[in-house]
Amino acid sequence: MKNKFIYLAVLAAGFASCEPEFENEVNANYTSGDADFSTYVAVGNSLTAGYMDGTVSRVGQTYSFPNLLAQKFALVGGGAFTQPSYADDVSGFGGLKLYGNIISGTRRIIDASAGGVEYIGGTADMSGPVDIEISNPLQQTAYNNMGVPGAKSFHLLAPGYGNIAGVALGQSNPYFVRHATSPSATVLGDAMSKNPTFFTNWIGANDVLAYATNGGAKSDGVTPADDHNVTGNLNPATYGSNDITNANVFASVYSTIVNTLISGGAKGVVATVPSVTSIPYFTTVPFNPVPLDNATAAQLNSVYAAYNGGLDLAFSNGLITNQERLKRKVNFVAGKNPVVIVDSDLTDLSGLGIPSYRMTTSQDLIVLPASSFIGTLVGGNASLINGVSVPLSNKWVLTANEKAKVANATAAYNAAIVSIANANGLAVADMNQIMNQLVGGLRIETGQVYTANYFSGVANEWKVLFSLDGVHPNARGYAVIANEIIKVINRHYNSNLPLHNAGSFPGINIVGSN
Amino acid sequence: MRLRFYKQRKTNTFYIMRKLLSLTLLALAGSTAFAGGYRVSIQGQKQLAMGHTGVAVVNSAEVAFFNPAGMVYLDKKFNLSVGANALFANVKFQNSTYNWTAESKNVGTPFSVYATYKLNDWLTAGLAVYTPYGSAVDWDQDWEGAHLVNNIDLQAIFVQPSVSIRMGEHFSLGGGVIYASGSVNLNRNLSMNPLLSDDGQPSDVTIDAKGITAWGYTAGFMFNPTDKLRIGMNYRSEIIMEARDGDAIYNDTPTFNPLANTTFNADLPLPAELTVGLSYQVTDKWLLAFDYNRTMWSAYEALDVTFGNGTESLNPRNYQNVSTYRVGTQYKANDKFTFRAGYYFDESPVQDGYFAPETPRNDSMGYTGGLTYQVNSKLGVDFSFLYLHFDEIDNSYNHSTDPISGQPNPDFGGTYKSVVFSPGIGITYGF
């Protein structure tokens, strides 16, 4: 009998160690399919680097979509995935210094006490302290994540793009300078030194986005930048920083990049260029943001009476069409009003002393930074109101004409990307199509619906995928992007990779006080 | 902020399933199902070993719980049964869409104390102290389902004085009042959205209430048409545990939205249970028993928590009434040894889409076994074992709301697999 009790005790102990077991463990079905993720290299621009809230920061970088992809690749043979070191971003504020001068501000946050967007550690207008000094140390290391913020397609092939001597001259890129293996290294060359077995390539947005975000203006903010699809200039070395790259140049460069990436047998994913109309940087400020009462409208109209009269004169002299005359007339009314802008595409009547003004229409896109500029006073003079009595200069508005140039270029680039990918059997992540869905609301697999809206308060924070710079995704947005790319990989390469739970990623960074 | 919370008792850990191992065949354990939800059916070593049947069994003072009407049939003037179990409840969770894995392991200690005293031929008084409800779940803090629950510990102790009155040769009535005392402690993250976090630590809230008391009753009859057959019925009333002015403690709230600790109110129903059953003395040594339980879980519509700061957390539960089917047997081998075994099937009150990780219970089968070693005519030692088998289940909770946005959260689900087992020991004393 005694033995029986011992037997029972042993049984009890046996049960005590018994564990629930699944018929199929969660990772049993994950597979790389036809792909080999052992060495994954990402090339691209800021979207690949994990840029958000206006900078790359130590923490923000961990949410780069390539890093999120690599976390899943690791389940099916993916190797180590390295990113440029941000260990020197001790504060996590991001930003860049060159020889002690801040050349790129700290990341943007919402200061709850002030109720607006500010540089963390600084103010709405002034950067906070920056830890990262470009010149020290130069990392001189090739990383798996070769996303370089600001890079255009042809920059990936440009020797000297990582030469510190060129930063001040605008000839090189401070982000690439930090980790270029040598002053003459190219981004693509450094990427290839990793011998990728799998790659993502999301380059091309800046070939058109720099033009768009600057409202179609050169860096002086006034002079129109060039669309080289119009000029026919095929030499990117001569392009201004805000110019639109010629589509043939883009296609040629893109082909070179892809052929180089696959030269060692690598498979990969290429991503298309998103449309500016799906980015809150262009869609947040309405074309008619100026509320006026009757008296103020009348007062303002009197300011423009001479201008409007001049247009009538020009029309009667056959210098402009009636259509242009009506388009250019400035007329404020009670209620919401468009802003007055300088539009260089209007007929030049400066010989008559008539400036090229008009009011915005719903076809124009006012850039996000204008939200804190429109309505401000010039020199504190109450009669000089930006956007109202003082027309906005070129850089604040992407006009309908400029928008069409951007759209044409984007379409041409994307056609080249898809065609080159198809010719080489590569998977295409149509980020343009996906981000266009965001405009109407993108429903993801969890049932959650995200939009392309800018943060407008805690109540909409949960569906915001863009960071406070209005151009780049936030961490949650990068998770959605990573998921879309994973789905493309699973489809194209017969792999089975799990997704990220986007809803648990951070959205907007709100601090109590700054 | 809304918070949902859920109560379960640790002692009676999740569902309790008991399994009895028949001594002979552990492997063949029969299962008795326990009544799902946060009901823990471990109310006596002898009866647990018989599949937790007992509404028509007169074995020991345990009948004070199963059917007080049976107390009057106990042979001895005084009967005492004291017992306790170690209840191990392990749950694993996984979701292959996101490669999530999680695990909760808990140990509870349901116990019972029963005493009866025969006042005269037709009247017996009894006292029962037992732990019929409880739950404990302990996931990793900030796990993927943290917006539903990080951990919970729900406990309730019932104290039940009762009387049994014999009415003629074949029939008796019994009943008593129940004094219930309970506590609840639950922690969950305020949101799955990391917006509500400070320095990477998600905000969470703990609600804690102790010393919640309530009253209920139990009543039943036993009918013995022949020497061998007993028929019993017992009803235990619903008891609503009303937590009032419990503590709500916020942790890691962000600087832009600090939340002061406050109080909370919440009601948690402990559902009514109706049991009918019979036992048949097949031979002098061999007894068979069958019980049917109907548990009125539909009382548990929602766990709504109202906070002192004016916020509330609405958590639909929408439980359904369920049945448990039990069979047990007892074989008195000799004066020293009695062996028992049983099985039950326990339906889960949780409906599809309401499968929350606070009470991740699906239907189960309980296998029970045990024995008594009679030291002398007065003292016996009881052993029992319960093993509850759950199939793995794919299910989700689809009814949570984010407190920041006021919008529905994504469904939270995956595959759950539970194992519950519980060895127990007790003594029986009588004269």
Side-chain angles (χ1 to χ4, degrees), chain A residues 1 4-5 7-30 59 71-72 75 109-113 444-449 458-464 475-476 483 496-513, chain B residues 19 21 23 26 86 88 90-101 103 105 107 144 146-147 191-198 200 202 254-258 336-337 369-371 373 383 385 387 390 392 398 402 404-412 414-419 421-423:
Chain A
M1 285 302 114
K4 215 154 209 171
F5 293 129
Y7 182 46
L8 272 180
V10 170
L11 284 174
F15 274 104
S17 62
C18 87
E19 291 277 324
E21 284 187 8
F22 291 108
E23 290 159 22
N24 285 301
E25 289 296 325
V26 66
N27 54 3
N29 296 324
Y30 297 144
V59 174
Q71 289 167 13
K72 301 303 182 186
L75 296 169
I109 45 89
I110 295 291
D111 177 358
S113 65
I444 67 165
E445 54 286 340
T446 60
Q448 218 148 341
V449 176
V458 169
N460 94 330
E461 196 276 346
W462 65 286
K463 54 184 176 181
V464 170
R476 186 187 297 143
N483 283 348
N496 181 17
L497 296 166
L499 303 176
H500 285 277
N501 180 32
S504 65
F505 279 74
I508 299 301
N509 189 205
I510 303 175
V511 300
S513 60
Chain B
K19 154 187 221 173
L21 37 110
L23 286 183
L26 202 117
F88 300 89
N90 299 337
V91 189
K92 277 189 175 172
F93 166 78
Q94 66 179 19
N95 179 315
S96 59
T97 302
Y98 302 109
N99 191 32
W100 291 339
T101 59
E103 185 173 27
K105 288 188 171 185
V107 181
E144 290 85 357
H147 59 294
S191 173
M192 65 181 288
N193 183 345
L195 172 66
L196 273 189
S197 69
D198 212 19
T255 52
F256 78 90
N257 186 25
K336 288 296 184 188
F337 281 97
L371 80 165
Y373 175 68
F383 300 92
F385 195 90
Y387 175 79
F390 292 84
E392 68 178 53
N398 307 343
D402 186 84
I404 305 172
S405 63
Q407 298 294 316
N409 278 322
D411 301 348
F412 179 82
T415 307
Y416 291 88
K417 170 73 174 177
S418 301
V419 169
F421 59 94
S422 179

Can you name the residues that form a side-chain contact (heavy atoms from CB on, under 4.5 Å) with B:Thr97, not counting sequence neighbours?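 B:Thr97 satisfies side-chain contact (heavy atoms from CB on, under 4.5 Å) with A:Leu499, B:Asn95 only.
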Let's go through A:Glu19 and B:Lys105 carefully: what are the C-alpha distance in whole Å and the side-chain angles of both, what is the deciding distance for salt bridge (charged side-chain N to carboxylate O under 4.0 Å, His left out) to 0.1 Å, and is it a yes or a no? CA-CA 10 Å; A:Glu19 291 277 324; B:Lys105 288 188 171 185; 2.6 Å; yes
Relative to each other, are the rings of B:Phe337 and B:Tyr373 parallel, tilted or perpendicular (30° and 60° limits)?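 Judged by the thresholds at 30° and 60°, the geometry between B:Phe337 and B:Tyr373 is tilted.
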Region of [X] in contact with chain A, defined by heavy-atom distances below 4.5 Å:
{"X": "B:Thr415", "answer": "both"}
{"X": "B:Lys336", "answer": "neither"}
{"X": "B:Glu144", "answer": "neither"}
{"X": "B:Tyr416", "answer": "backbone"}

Specify which of [options] makes the most heavy-atom pairs with chain B at under 4.5 Å.
{"options": "A:Ser113, A:Ala112, A:Gly503", "answer": "A:Gly503"}
{"options": "A:Val59, A:Ile508, A:Leu75", "answer": "A:Leu75"}
{"options": "A:Asp111, A:Thr446, A:Val26", "answer": "A:Val26"}
{"options": "A:Pro20, A:Gly512, A:Pro498", "answer": "A:Pro20"}

Partners of A:Tyr30 by ring-ring contact (aromatic ring centres under 6.0 Å, His included), sequence neighbours excluded?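 Result, ring-ring contact (aromatic ring centres under 6.0 Å, His included) vs A:Tyr30: none returned.
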For the ring pair A:Phe505 and A:His500, is the centre-to-centre distance below 6.0 Å?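 Here the rings of A:His500 and A:Phe505 have centres that are less than 6.0 Å from each other.
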Less than 6.0 Å separating the ring centroids of A:Phe22 and B:Phe93?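 A:Phe22 vs B:Phe93: aromatic centres not under 6.0 Å.
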Tell me if a side-chain donor or acceptor on B:Thr101 pairs with a main-chain N or O of B:Gln94 at a distance below 3.5 Å.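 Checked: no pair found.
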Between B:Glu392 and A:Glu23 (side chain of the first, backbone of the second, donor and acceptor by atom type, cut-off under 3.5 Å), is there such a pair?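 Between the backbone of A:Glu23 and the side chain of B:Glu392 there is a qualifying donor-acceptor contact (under 3.5 Å).
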Under 4.5 Å, counting heavy-atom pairs only, tell me which of B:Tyr98, B:Trp100, B:Phe412 racks up the most with chain A.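 Top option by heavy-atom pairs under 4.5 Å: B:Tyr98.
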Which one of B:Ser191, B:Pro410, B:Gly414 has the most heavy-atom pairs closer than 4.5 Å to chain A?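 Max contact count across the listed options: B:Pro410.
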If we count only N and O atoms by modelled type, under 3.5 Å, do the side chains of A:Glu461 and B:Asn193 hold a donor and an acceptor together?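 Present: a donor and an acceptor within the cut-off.
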What heavy-atom pair brings A:Val511 and B:Thr255 nearest, and what distance separates the two atoms?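 So the two residues come closest at C-OG1, 4.4 Å.
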Report which part of [X] has an atom under 4.5 Å of a heavy atom belonging to chain B: side chain, backbone, both, or neither.
{"X": "A:Glu21", "result": "backbone"}
{"X": "A:Ile510", "result": "both"}
{"X": "A:Leu497", "result": "neither"}
{"X": "A:Asn24", "result": "backbone"}
{"X": "A:Lys72", "result": "side chain"}

